[in-house]
Amino acid sequence: MQGSYSTVGVNARQEASPLYWLSTEEGSVPPELEELGLRQDRPVGVGAMICFVPLGAGPAVSRAVAVRKVLGPDHYLIGVADPATGETRAQNILQAGFDDVLLLGRPGDVALCVARARAALSRRLQMRREQAQVELERDYLQACIDSLPTPIFFKNAEGIYVGCNKAFEGFIGLPAEKVIGSSVYEVAPEDLARRYQQADDALLARGGEQVYECEVRYADGSLHHVAFHKAVIASEDGRLRGIAGAMLDITDRKNLEGRLIDAAARDPLTNAYNRRKFFEIATEAIDLARREGQPVSVAVIDVDRFKSINDQFGHAEGDRVLCATAALLESAVSEGITVARAGGEEFYALFPGLALMQAAEIAEAMRRQVSDAGLVPAFDETTGTLSIGVAELDPLRGTLWDALMEADEALYRAKRTGRNRICIAMRQSGYASAG
């Protein structure tokens, strides 16, 4: 469209949408349209309007493109054509980008064309208002979730991300524009993506909500314990639209739980396992040995002349000796062997998978390590050393209490025969001792 718009028009202020005649020719409004009071000035600063555009014999596409370029997409364009050529061109005119076609020479069609235009603009305006409201609500929602420290995401029914918040960007290590439109396989390591997708598939198949915990690695490489809370998004007619999810970081809670569980299993003075934990571990080990036909051995360990240490140096020194003894016992054993404080100055040791003599060798290394440390040098040589009794448990015939009683009997033989030595339970292999 070239040239300038001429001005010969009437006042259309009372109309819901102004009516314009867009032509490069002065005073060219057809008689059929004169009563509409079409304005011919170039529209500036007005809302949506109805524009009649004469087409003549030229190509409709170029005319539509030119008008849209000048006015923008909001206005309602009516292509005005001569009935002699317009009948055959009507479909092409609409496909070119016009909203409607008016064939001259049919006076009754003018009012219908204007009515269609005003109805269409009214619907378009309502849609724009609704769209603006939706966009405003979306912006509010985005601002709200962006302020939360919890990663939040949305997926459609095909598993494609359609939204997320800033915290999720930080978790995944990608900006939102890279996340949105991608599947989980495109933004997460394959092993994690497979796990997430399996959980999503199960949720979509079952519906409702889903809560589960797992360990995930953030984009910065740090490991976090996370509780996933997901829910299916459904339309009013029940169709699945996708999933909304949130990731609650429960790392601190898990760490605290771990510390509490560990504290409940530990002796508060020596930090060795306590008596209750020892029996839990031993019960599991004996059950496994029973299934696999493996031996299990135990030892009862006692600090020699411990009462003398407390009486001579005080309980603080006695506590120091107990703590040092526990540390030395732990350092003398290999993986799988459990040392626990049974109470007072007495300790238990569990040797899963080891027969009597194998356990006795390790017990001897324990005894020797404590003896060589010289924990109470001012006393005689057997003060602060260890007396140890060792017994083997037959998982098919005996019980843990049987083995501990036999080891306890061997311990007292070690005490009676000079201390700072080990003795082996007599019922299993005859009397033996080392000192």
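- Side-chain atoms of H75 come within 3.5 Å of backbone N or O of M49 as a donor-acceptor pair.
- Counting only distance, with no hydrogens or angles, the side chain of E186 and the backbone of S183 share a donor-acceptor pair below 3.5 Å.
- You'll find the side chain of F306 reaches within 4.5 Å of the side chain of L322, heavy atoms only.
- A 4.5 Å side-chain heavy-atom check between L19 and R118 finds at least one atom pair inside the cut-off.
- Taking 4.5 Å as the limit, some side-chain heavy atom of L71 sits within range of a side-chain heavy atom of L22.
- Between the side chain of R276 and the main chain of A264, a donor-acceptor pair closer than 3.5 Å is present.
- Side-chain contact between Q126 and E130 is present, with at least one heavy-atom pair separated by less than 4.5 Å.
- Q358 has its side chain out of reach of I362: every pair of non-hydrogen atoms, C-beta onward, lies at least 4.5 Å apart.
- Side chains of R116 and C113 form a contact here, defined as non-hydrogen atoms less than 4.5 Å apart.
- Considering F278, W401, Y273 in turn, F278 is the only one that fulfils the ring-ring contact (aromatic ring centres under 6.0 Å, His included) rule with Y348.
- Ring geometry for Y161 against F153 counts as perpendicular: the plane angle is over 60°, on a 0 to 90° scale with 30° as the lower cut.
- With hydrogens and angles disregarded, a donor-acceptor distance shorter than 3.5 Å links the side chain of D99 to the backbone of L77.
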